[in-house]
Each structure stands twice: as C-alpha cells, then as structure tokens.
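Here is the structure we will look at, set down as structure tokens.
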There are 2 protein chains.
Amino acid sequence: MTESEFRHEGLAATLLEAAETELSQSGIERISLRAVAKRAGVSHGAPAHHFGDARGLLTALAAKGYQRLLHYQTSREETAGPEPLARIIASGLGYIEFAVAFPELFALMFNSAVPDRSDTRFFNVALSVFERLVENTQAHNGRNPYTDPDSMKDLMASWSVVHGLAELIISGRAERTLGLDQMTEAQREETLTAILLRVNRTGS
Amino acid sequence: MTESEFRHEGLAATLLEAAETELSQSGIERISLRAVAKRAGVSHGAPAHHFGDARGLLTALAAKGYQRLLHYQTSREETAGPEPLARIIASGLGYIEFAVAFPELFALMFNSAVPDRSDTRFFNVALSVFERLVENTQAHNGRNPYTDPDSMKDLMASWSVVHGLAELIISGRAERTLGLDQMTEAQREETLTAILLRVNRTGS
DNA sequence: GCATTTTGCTTGACACTGTCTAGATACATC
DNA sequence: GATGTATCTAGACAGTGTCAAGCAAAATGC
C-alpha cells in the first residue's frame with residue numbers, strides 16, 4: 001500500500017473522526033464542514049470528494065454511530081447471560097450507556113433530519129438495531145412481532161421507554177429528578193433497571 | 001390604537017408566528033432568522049430588538065410550544081374524567097398528539113440545545129408540564145415522587161414511554177411497524193393506549 | 001408647545017457557512 | 001512516455017447571524 005493509497009483510504013476515516021470530534025464539541029446545530037476539514041488538515045473542499053456534501057458526511061458518521069450502538073448492546077447482552085428478559089434489559093442499558101457516552105452522535109442518529117435514511121449503509125445498520133430488538137422480544141414473549149400485533153406493542157413499549165429514558169437523561173431532565181448524578185455506577189444501573197422493568201414485566 | 005401602536009404591539013407575536021411557520025417548513029436545522037423577518041414583513045435586523053438574537057426568538061417560540069402542550073394535555077384530561085390512571089393515559093395521549101401535530105416545534109422544545117433553559121418564561125412553563133406529571137403520578141400511586149424514589153421511578157417510566165413513543169412516531173420509526181398509518185383515529189388511540197398501559201399497570 | 005430622550009426599525013458591513021468550478025498534482029493504465 | 005483519472009487546493013458565490021450607525025416617530029421633561 002503506497003503512501004497515496006494510505007492517504008486516499010485514510011482521509012475518509014480521518015474526516016469521520018474529525019467530524020465526530022467537532023460534533024461532540026460544537027453540537028449538531030453548530031458543526032461546520034470547514035472546521036471538520038481544518039481539523040483533518042485538508043482544504044474545505046476536500047470532504048466533498050469523499051462524501052458529496054455535508055449531509056453525506058454526517059450520514060456516514062451516523063451509520064458509524066449505529067455500528068457502535070450495536071456493539072454497546074452486544075457487549076452488555078453477552079455478560080447478561082441467556083435469560084430473555086435479562087438480555088432485553090441489558091440491551092436497553094447498553095442503548096442508554098451509548099446515548100450518555102455520545103449524546104451529540106445519538107442526537108444526530110435519532111433527532112435529526114440530516115442523515116439520509118435512504119442511504120444503504122445507514123439503512124442496513126439501523127435495521128440491524130431494530131432486528132436485534134425483534135429477536136429479543138420474540139425470545140421474551142414467544143411471539144413474532146412482525147406477525148403478532150400485541151408482540152409488536154410489547155416491542156414498541158420496550159423501545160419507547162429505553163429511547164425516552166435515554167433522551168430525558170442526555171437532555172438533563174432525568175439526572176437530577178432521579179438523583180443519578182449522586183449515585184455510584186451500581187446504583188445507577190439498579191435505578192435504570194428498575195425503570196426499564198416497569199414496562200417489561202410479565203403479563204400480556 | 002393607532003396603526004403604529006398595532007404594529008409595535010404585534011410585531012413580537014407576528015415574528016413568533018412567522019418563526020413557527022418557517023420552523024414547520026424548513027425544520028430546526030435550516031430555519032433562517034432572515035426568512036422569518038421577511039415573512040413577518042420587516043427587515044432582517046428587526047427581530048434582534050425584540051428577542052436579542054436568534055436563540056432568544058427560538059426560546060420564546062419553545063416556551064409558546066410548552067404552553068400549547070399544556071393545553072393539549074389539559075383538554076385530554078378533562079374529557080378523561082377523574083380516574084387517576086385514565087388521566088395519566090389521557091395526558092400522555094395529549095403529549096403524543098401535540099408532538100405529531102407540531103413535530104418540529106416538539107423537536108425544538110426537547111431535542112435542541114438552542115432554547116435557553118435558564119430563561120424564566122421557558123423554565124416556568126416547562127416546569128408546569130413536569131409538575132402536572134408529578135400530580136398525576138401521586139394521584140395514581142399515592143406517593144409523592146419528590147420524596148419517594150420509587151414513585152419518581154414510576155413517574156420517569158411513565159414520562160419515558162410517552163416521550164419515547166412520541167419521538168419514535170414523529171421520526172417515522174413507529175408508524176409502519178405499528179401500522180398506525182392504516183388505522184382509524186379510534187384504532188390509533190387504542191393502540192397507543194395499549195402501549196402506554198404496559199408501563200402504568202398496577203403492581204410494585 | 002418645544003426640546004430631548006427613548007424606542008422601533010432599517011441599512012450596510014463583517015466574518016462565517018456550504019457548495020460549485022477551475023486548476024494543480026500525483027497516480028494508474030495503456 | 002503519453003493519456004486519463006482520482007484527489008485535493010483555491011477562489012468565487014449566495015446566504016447566514018450579528019453588530020453598529022442612522023433615522024423617524026413616539027414618549028417624556030420642562
């Protein structure tokens with residue numbers, strides 16, 4: 001691999017890293033394509049060649065975020081063991097852990113109209129997150145959400161509480177009310193688990 | 001009241017209306033202060049005199065949104081009757097109804113770092129929404145969320161599922177999976193109620 | 001009733017933004 | 001070695017939010 005190939009292959013990745021840094025520092029509403037290029041050490045026109053426009057760059061970054069979210073969930077589930085409910089809770093805790101660790105990236109992925117959802121890579125990896133939830137739901141309640149409306153309601157209730165809790169935490173609306181900021185890591189987990197369990201209890 | 005007095009008194013309100021129209025059309029990431037001013041029929045520097053800067057204008061708009069949200073919830077609760085659980089569900093349905101009716105405004109209120117939360121008007125009206133939930137929760141489980149941690153968990157679980165469901169619906173992640181787009185209004189309500197009830201069931 | 005201050009808004013300037021186009025440089029291919 | 005292609009630079013353009021200066025009208029002071 002020559003130097004130029006390295007630079008060629010590397011610039012797209014370098015730009016994505018620079019974009020994530022800029023995103024976490026400036027927020028989704030103030031991120032600047034020129035600042036990203038400057039951070040990556042290239043001219044302001046360089047990103048266009050790899051990502052088309054600013055939207056293309058942020059779509060790629062959001063897709064990268066979904067892959068990381070998936071990894072956070074997988075990691076949690078593996079330590080949770082085989083019990084279906086435990087895996088759903090673990091998956092939810094991973095979802096929240098990711099949102100807290102990368103709040104601006106999370107906002108880009110879920111609260112923004114910027115990423116192009118028809119982008120193949122973005123679509124597929126976002127679908128993977130959903131299908132994991134489908135599998136976990138079916139393992140838990142024994143019914144396929146795609147064919148059983150009640151099972152899909154279980155799924156959406158589970159997703160909603162996880163997603164909503166993540167949003168309320170990263171927007172600062174849950175930290176103080178729940179006293180999360182004064183808790184140990186174990187207490188945090190216990191508190192969040194107790195909340196998630198309120199929607200995943202047994203009984204239709 | 002002279003013509004100039006009318007314009008004077010009215011411009012702030014006119015700008016807010018223009019801002020909401022622009023927001024709903026352009027979205028939170030593309031709204032332009034100059035376009036708002038143009039729509040209101042004034043120069044691009046006029047808004048600064050009433051709202052300081054763009055953030056001030058959008059903070060005022062978000063506060064107006066909270067008032068409207070409160071109204072949507074009140075309206076629903078009044079028709080729901082006195083039963084606490086019914087009021088919680090009604091309040092949640094009003095929350096979702098508001099989000100679906102004004103998705104960009106909802107995003108401005110909850111998913112944006114733009115509104116200044118230390119703004120007195122914004123803070124107070126946002127607090128009103130929360131305190132309504134506090135009252136409903138206490139009426140439902142009989143314990144004060146401010147002093148009883150478990151009651152606060154009930155509250156946050158209830159808020160999370162409502163907020164999360166609203167987010168997932170307006171971002172297009174729930175409509176098709178739940179088949180909401182092919183339902184009658186009554187069926188929609190029934191489906192959403194069934195989901196909300198999964199977290200507000202008795203027990204614990 | 002006149003002078004003065006204050007208010008509400010306009011106008012123009014500034015730095016900054018994303019995108020487009022033309023050009024330069026280095027690589028690959030024949 | 002010549003041609004073509006990919007990668008990146010550099011400049012221009014319209015549009016953005018904010019700021020300062022100016023202006024007209026209303027409010028205020030005497």
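Below, chain A is the first sequence line, B the second, and so on; all start at residue 1. The structure displayed is predicted, hence computed values, not measured ones. Every heavy atom of this structure was used, including side-chain atoms; hydrogens, water molecules and symmetry mates were not.
Rounded to an integer number of Å, the gap from Ile31(A) CD1 to dT16(D) C1' is 17 Å. One atom, CG of Leu15(B), and another, C1' of dT10(C), lie 14 Å apart when rounded to the nearest Å. Following rounding to the nearest Å, Leu33(A) (CG) and dT19(C) (C1') show an atom-to-atom distance of 9 Å. Put simply, CZ on Phe51(A) is 15 Å from P on dG18(C), counting in whole angstrom units. As rounded to whole Å, 19 Å separates atom P of dT5(D) from atom NE2 of His50(A). Protein atom CG of Leu57(A) is 15 Å distant from nucleotide atom P of dT17(C), rounded to whole Å. Distance, Asp53(B) CG to dA20(D) P: 13 Å, rounded to whole Å.
Side-chain polar atoms of Gln73(B) and Ser91(B) form a donor-acceptor pair below 3.5 angstrom.
Between Glu77(B) and Arg132(B) there is a salt bridge, since a side-chain N of the basic residue sits under 4.0 Å from a carboxylate O of the acidic one. Under the 4.0 Å criterion applied to side-chain N and carboxylate O atoms, Glu135(A) and Arg87(A) are not assigned as salt-bridge partners. A salt bridge links Glu175(A) with Arg188(A); the closest basic N to acidic carboxylate O contact falls under 4.0 Å.
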Between the protein and nucleotides 10-13 of chain D, are there any N/O to N/O pairs under 3.5 Å, and if so, what are the atom names and distances?
unit_1	atom_1	unit_2	atom_2	d
dG11(D)	O6	His44(A)	NE2	2.9

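Ring pair Phe98(B)/Tyr66(B): centre-to-centre distance not below 6.0 Å.
At the phosphate of dG18(C), OP1 or OP2 sits under 4.0 Å from a side-chain N or O atom of Ser32(A). For the OP1/OP2 pair of dG8(C) and a distance below 4.0 Å, the side-chain nitrogens and oxygens of His49(B) include at least one atom meeting the criterion.
The listed nucleotides are dT19(C), dT10(C), dC8(D); the one nearest the side chain of Val42(B) is dT10(C). Counting only heavy atoms from C-beta on, Ala54(A) has its side chain closest to dT19(C) among dT19(C), dG8(C), dG17(D).
Cation-pi contact between Arg68(A) and Phe102(A): present, with separation from the ring centre below 6.0 Å and deviation from the ring axis of at most 45°.
Contact annotation for Ala46(A): base contact, defined as any heavy-atom pair under 4.0 Å involving a base atom.
Counted within 6.0 Å of OH on Tyr146(A), heavy atoms from surrounding residues, nucleotides or ligands total more than 12; the atom is thus considered enclosed.
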